[in-house]
Amino acid sequence: NTLEFCTSCHEMSDNIVPEYERSPHYRNAAGVRAICSDCHVPHDFFPKMKVKIAASLNELPKWALGTRRPKEKFAAARLEMAENVWAKMKASDSAECKNCHSLEAMDRQAQDSSAAKKHDAKRMRERNETCIDCHKGIGHDLPPGYQE
């Protein structure tokens, strides 16, 4: 679950690391850094093991076959990969986000009026909204072909 492990392959170091290093999850005024596993790996043991096994079975063959090299192949797969992650986050009610972020702890007075309105818990429940509905592209650039 270390940043060094997650970014050690060429697909990640060449494609993901530069955009991650530009994101607020890497550098921000509070000095708090989220790493790959904070957003992509559940914290509880059994869900974590399930994700790690599934990722190994899915990603290792793609790495071995070179299906995401060179950069053009990786870019062509970005939208599908992102949509898969967004669907998982929607299904979990953005549980990974909520490991660090809490609506109750937000200072909505310090947010602009649009953000403060959108972060109202009652409104979010009524609209079946969760973090990922508005915060796609917060840790990574939005993929080519993404349409809001």
Side-chain angles (χ1 to χ4, degrees), residues 1-56 58-59 62-63 68 70-148:
N1 280 353
T2 67
L3 180 62
E4 293 75 22
F5 176 80
C6 293
T7 60
S8 63
C9 66
H10 287 292
E11 283 87 354
M12 293 297 119
S13 63
D14 293 348
N15 298 296
I16 298 298
V17 172
E19 63 191 48
Y20 163 66
E21 289 177 342
R22 293 189 307 268
S23 81
H25 277 134
Y26 183 81
R27 187 176 312 280
N28 55 69
V32 176
R33 180 170 291 161
I35 64 170
C36 308
S37 58
D38 292 323
C39 301
H40 294 282
V41 180
H43 289 197
D44 293 333
F45 180 77
F46 289 110
K48 178 191 306 187
M49 291 302 110
K50 181 180 176 184
V51 164
K52 287 179 176 274
I53 291 167
S56 296
N58 183 36
E59 296 301 322
K62 290 177 181 168
W63 171 82
R68 295 197 181 133
K71 283 188 169 205
E72 294 77 19
K73 285 184 180 180
F74 190 89
R78 284 292 297 269
L79 182 58
E80 180 183 356
M81 291 187 292
E83 287 173 338
N84 288 337
V85 171
W86 297 335
K88 288 176 187 171
M89 292 183 89
K90 178 74 174 179
S92 75
D93 191 25
S94 297
E96 295 78 10
C97 303
K98 293 175 181 181
N99 284 324
C100 298
H101 301 277
S102 164
L103 289 174
E104 296 78 25
M106 287 182 185
D107 181 358
R108 290 183 32 220
Q109 300 293 327
Q111 298 174 352
D112 69 46
S113 61
S114 175
K117 180 179 177 183
K118 290 175 184 175
H119 287 141
D120 178 70
K122 181 181 177 198
R123 179 183 187 271
M124 289 178 73
R125 276 191 308 276
E126 288 170 354
R127 293 173 174 237
N128 189 34
E129 292 176 336
T130 189
C131 310
I132 198 61
D133 291 314
C134 296
H135 294 283
K136 293 175 177 81
I138 192 75
H140 303 286
D141 296 345
L142 290 169
Y146 172 73
Q147 298 290 319
E148 181 110 35

Does [X] have more than 12 heavy atoms from other residues, nucleotides or ligands lying within 6.0 Å of its [atom1]?
X    : atom1 : result
K88  : NZ    : no
Y146 : OH    : yes
K62  : NZ    : yes
Q111 : CD    : yes
K98  : NZ    : yes
R22  : CZ    : yes

Work out which heavy atom in [X] is nearest to a heavy atom in [Y]; give both atom names and the distance.
X    : Y    : result
P24  : I138 : CD-O, 3.5 Å
A77  : R68  : CB-NE, 4.1 Å
I132 : K90  : CG2-N, 3.8 Å
L79  : P144 : CB-O, 3.8 Å
A34  : Y20  : O-OH, 2.6 Å

Any side-chain heavy atom of [X] sitting closer than 4.5 Å to one from [Y]?
X    : Y    : result
L3   : C36  : yes
D133 : M124 : no
K73  : P70  : yes
M12  : F5   : no

Working to the nearest 0.5 angstrom, can you tell me the gap between [X] [atom1] and [Y] [atom2]?
X    : Y    : atom1 : atom2 : result
N1   : K48  : CG    : NZ    : 5.0 Å
N15  : T7   : CG    : OG1   : 12.5 Å
L142 : Q147 : CG    : CD    : 10.5 Å

Does the distance from a Lys or Arg side-chain N to an Asp or Glu carboxylate O, for [X] and [Y], drop under 4.0 Å?
X    : Y    : result
K71  : D14  : no
E129 : K118 : no
R78  : E19  : yes

> Counting distance only, does the side-chain N/O of D44 pair as donor-acceptor with the main-chain N or O of F46 below 3.5 Å?
Replying inline: no
